[in-house]
Amino acid sequence: MGRLLFTGGTVVTAEGSYRADVLVEDEKVVSVGVDLPAGGAEEVDARGRLVMPGFIDGHTHMDMPFGGTVTADDWASGTAAALAGGTTTIVDFALQDVEGTLGGAVEEWGRKAEGKALVDYGFHVAITNLTEEIKAEIPSLKDRGVSSVKIFMAYKGTPLYTADEDLFEAMQIAREAGILVMVHAENGDVIAKLQQQALERGDFAPRFHALTRPEEVEAEATNRAIQLAEVAGCPLLVVHVSCAAALEEIHRAHELGQTVYAETCPQYLAFSYDDLCREGFEGAKYVCSPPLRDAWNQEPLWRGLQIGDLQIFGSDHCSFNYRGQKELGRDDFTKIPNGLPGVEERAMVLWTLGVREGKIDERTFVAVLSTNQAKIHGMYPRKGTLAPGADADIVLWDPDLEITATVENRHGNVDYTPYQGMTFRGGPAAVYVRGRLAYRDGEILAEHGSGRYVERAFVPPSVGVLA
């Protein structure tokens, strides 16, 4: 691959913003500085653009079975949507087969991605059956370049649900193995009882998805996971934090010096419980877990991003079609597949509602989308920074680009968008993956299968030093 010199732009990193050129050669960043000599490199005019490290989405679900169906986006359409949102690397959840092994999950997801992925990728393993044999297998994940496992405290009555004693033992094993434990923190026992009671009353509408998963069950499970991790001496990542009550538990852990990382997602800042109450069955389009909350929770979440209690911003992209998939729960909200598309909109939501509204600055934008993602997910400094030796994953961000979301201009494979009619102000004009132009002005240019597997190694960053 040849040399590229990005000139005239403003480089934005987790440390700050400054005018500089970026020289790229052989898929890597060579240097960043003022008035760099071209030396025969092809010049890329970045005037009027913000030059950022490629975004990393550590929370996606491509081609994943759930509730008797499979997500609408496979690795071709899902990574196309990622590219269109400025994301150059994803970490997807490889779901353990109930009768299978963790290594088998990694191999199966590798086959799903092969020949389709347009961006670089890694895998978490989502554990669905934590037997003694599976516990013994956890340390071997490092040999496969997998540095994290996800354990579900919710979904009682399904293979995903994990009892506390098994969660705790997995934390102990992970601590010794250098594996990061991620939790879906909701009290599955209480949710199951509330759902049973709702159905017995005849409460079938989508809004009861939220009413049977109240904020308290997320806060309680978050606190419980934090306490178990403290006893186990294990770093913890709480994913998709949706409400102030759960965030308070995380803030308290930080005040006590505990290593707890936390993520929130665009749907919790762009939508609210009111969307679940839309007329007819339209609310099903907004069913995800944890559920959408009352809008007043959004300000505390923004504050969490500002002060670093929430260090990463993932999409939890888990797309299901409205017709034929969300409709499975037309007569029973518990059968609505849980999840929303969002990998394409993630950065644009954060810029439009966050940076443009003065809730976060450009530095925090890059930190929670890229740099902190790379650090927590074990791929820094190869990813997440514009520094010599890093992969030349680059987003040329146009802060004035306007895009109004419609089904027709989305790059995924879903028959609706929850963002229908929302105008984003700020978006990627061009995206480079390892120095190769992959997206420009709405058009996907990368070839299927051009994405590469990224081996990851978890070296716990201190919460206090994350950007």
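Because only heavy atoms are used, hydrogens play no part in the values below, and waters and symmetry mates are left out as well, while side chains stay in.
- For the 3.5 Å distance criterion, the side chains of R293 and Y268 fail to qualify, holding no donor opposite an acceptor.
- Rounding to the nearest 0.5 Å places NE2 of H124 at 4.5 Å from OG of S148.
- Donor-acceptor pairing under 3.5 Å is lacking for the side chains of T222 and E249.
- The shortest side-chain heavy-atom distance between L236 and Y261 does not fall under the 4.5 Å cut-off.
- Side-chain atoms of S370 do not come within 3.5 Å of backbone N or O of A367 as any donor-acceptor pair.
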Verify salt bridge (charged side-chain N to carboxylate O under 4.0 Å, His left out) between K135 and E169, making sure each step is shown before the conclusion.
CA-CA 8 Å; K135 292 172 186 175; E169 188 175 359; 2.7 Å; yes

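- Remark: R213 is positioned above the aromatic ring of Y155, its terminal NZ or CZ atom under 6.0 angstrom from the ring centre and at most 45 degrees off the axis.
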Do V355 and L350 pass the side-chain contact (heavy atoms from CB on, under 4.5 Å) test, and can you show the C-alpha distance, the side-chain angles, and the key distance before you say yes or no?
CA-CA 7 Å; V355 178; L350 191 63; 5.8 Å; no

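- With hydrogens and angles left out, the side-chain atoms of E215 and N297 include a donor and acceptor closer than 3.5 Å.
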Assess whether salt bridge (charged side-chain N to carboxylate O under 4.0 Å, His left out) is satisfied between K383 and D393, documenting all intermediate values.
CA-CA 8 Å; K383 303 286 189 183; D393 300 333; 2.8 Å; yes

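- By the 4.5 Å heavy-atom criterion applied to side chains, H377 and H59 are not counted as neighbours.
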Test log, rule side-chain contact (heavy atoms from CB on, under 4.5 Å), inputs E248 and H251
CA-CA 5 Å; E248 286 174 7; H251 180 73; 5.6 Å; no

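- Residues I191 and E186 share a closest heavy-atom pair of CD1-CB, 3.6 Å.
- Nearest heavy atom pair, residue V366 against residue P53, reads CG1-CG, 3.6 Å.
- Side-chain contact annotation: Q172 with R175, donor-acceptor N/O pair under 3.5 Å absent.
- Listed here is the closest heavy atom pair of G86 and V431: CA-CG2, 3.9 Å.
- Between the Q373 side chain and the V368 main chain, a donor and an acceptor come within less than 3.5 Å of each other.
- A donor-acceptor pair shorter than 3.5 Å cannot be found between the side chains of H254 and Q258.
- Each salt bridge (Lys or Arg N to Asp or Glu O under 4.0 Å) pair with one or both residues in residues 188-204, not counting sequence neighbours, appears once here: K156-D189, R201-D203.
- For the side-chain hydrogen bond (donor to acceptor under 3.5 Å, both in side chains) with H317, the lone residue among T71, D73, D57, T60 that qualifies is D73.
- Under a cut-off of 6.0 angstrom, the local environment of CD in E255 is crowded, with over 12 non-hydrogen atoms contributed by other residues, nucleotides or ligands.
- Contact of the Q267 side chain with the L292 side chain is registered, since non-hydrogen atoms from C-beta on lie closer than 4.5 Å.
- Summarising the geometry, atom CD belonging to E345 is positioned 10.0 Å from atom CG belonging to L340; distances are rounded to the nearest 0.5 Å.
- Ring centroids of Y419 and F271 are separated by less than 6.0 Å, placing the two rings close together.
- With a 4.5 Å cut-off on side-chain heavy atoms, F66 and N338 count as touching.
- With E263 as the partner, the side-chain contact (heavy atoms from CB on, under 4.5 Å) test is satisfied by one option alone out of Q311, M182, H240: H240.
- No hydrogens or angles considered: nothing links the side chains of S450 and R436 as a donor-acceptor pair under 3.5 Å.
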Checking side-chain hydrogen bond (donor to acceptor under 3.5 Å, both in side chains) for the pair T13/R363: CA distance, chi angles, key distance, verdict?
CA-CA 6 Å; T13 70; R363 180 193 66 81; over 6 Å; no

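- With rounding to the nearest 0.5 Å, the separation of NE2 in H61 from CD1 in I90 is 10.5 Å.
- A76 approaches L118 most closely through the heavy-atom pair O-CD1, 3.8 Å.
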Test V433 against L83 for side-chain contact (heavy atoms from CB on, under 4.5 Å), laying out the working first.
CA-CA 9 Å; V433 178; L83 262 183; 4.0 Å; yes

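- When the shell of 6.0 Å around CD of E447 is examined, it contains 12 or fewer heavy atoms from other residues, nucleotides or ligands.
- Once rounded to the nearest 0.5 Å, the distance linking OG1 of T89 with CG of D92 reads 13.0 Å.
- A donor-acceptor contact closer than 3.5 angstrom links the side chains of E218 and S242.
- Note on ring orientation: taking the six-membered ring where Trp is involved, the planes of Y121 and Y453 are tilted (angle from 30° to 60°).
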With side-chain contact (heavy atoms from CB on, under 4.5 Å) as the test, would you mind laying out the steps for L95 and L160 before giving the verdict?
CA-CA 9 Å; L95 196 64; L160 295 176; 3.9 Å; yes

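- Considering only heavy atoms from C-beta on, Q306 stays 4.5 Å or farther from T364 through its side chain.
- Looking at E108, its side chain never comes within 3.5 Å of a backbone N or O of A94 through a donor-acceptor pair.
- T334 and D332 form a side-chain donor-acceptor contact under 3.5 Å, judged by distance and modelled atom types alone.
- Annotation: side chain of S315 is not in contact with side chain of C265 (no heavy-atom distance under 4.5 Å).
- When all heavy atoms of D316 and S289 are compared, the pair lying nearest together is OD2-O, 4.1 Å.
- Rounding to the nearest 0.5 angstrom, the gap separating the CG atom in L237 from the OG1 atom in T259 is 12.0 Å.
- No donor-acceptor contact under 3.5 angstrom links the side chains of R434 and T88, judged on distance only.
- For H411 (side chain) and A81 (main-chain N/O), no donor-acceptor pair under 3.5 Å exists by modelled atom type.
- In this structure, D166 and L130 approach most closely via the heavy-atom pair O-CD2, 3.3 Å.
- Between Y322 and F281, the angle of the ring planes lies from 30° to 60°, which puts this pair in the tilted group.
- Cation-pi geometry between K150 and F93 is met: under 6.0 angstrom from the ring centre, within 45 degrees of the axis.
- Between V217 and E220, the closest side-chain pair of non-hydrogen atoms is not below 4.5 Å.
- Partner D415 forms a salt bridge (charged side-chain N to carboxylate O under 4.0 Å, His left out) with one of K326, R323, R410, K285 and no other, that one being R323.
- Residues N413 and S77 have side chains that never bring a donor and an acceptor to within less than 3.5 angstrom of each other.
- Stacking of K375 on the aromatic ring of Y380 is recorded, both the 6.0 Å distance cut-off and the 45° axial limit being met.
- With T212 contributing its side chain and F208 its backbone, the two residues share a donor-acceptor pair below 3.5 Å.
- Residues T128 and D97 are not in side-chain contact: their nearest non-hydrogen atoms beyond the backbone lie 4.5 Å or more apart.
- Note that OG1 of T162 and CD1 of I151 are 6.0 Å apart. Values are rounded to the nearest 0.5 Å.
- Screening F313, F365, F424 against W351 for a ring-ring contact (aromatic ring centres under 6.0 Å, His included) leaves a single residue, F365.
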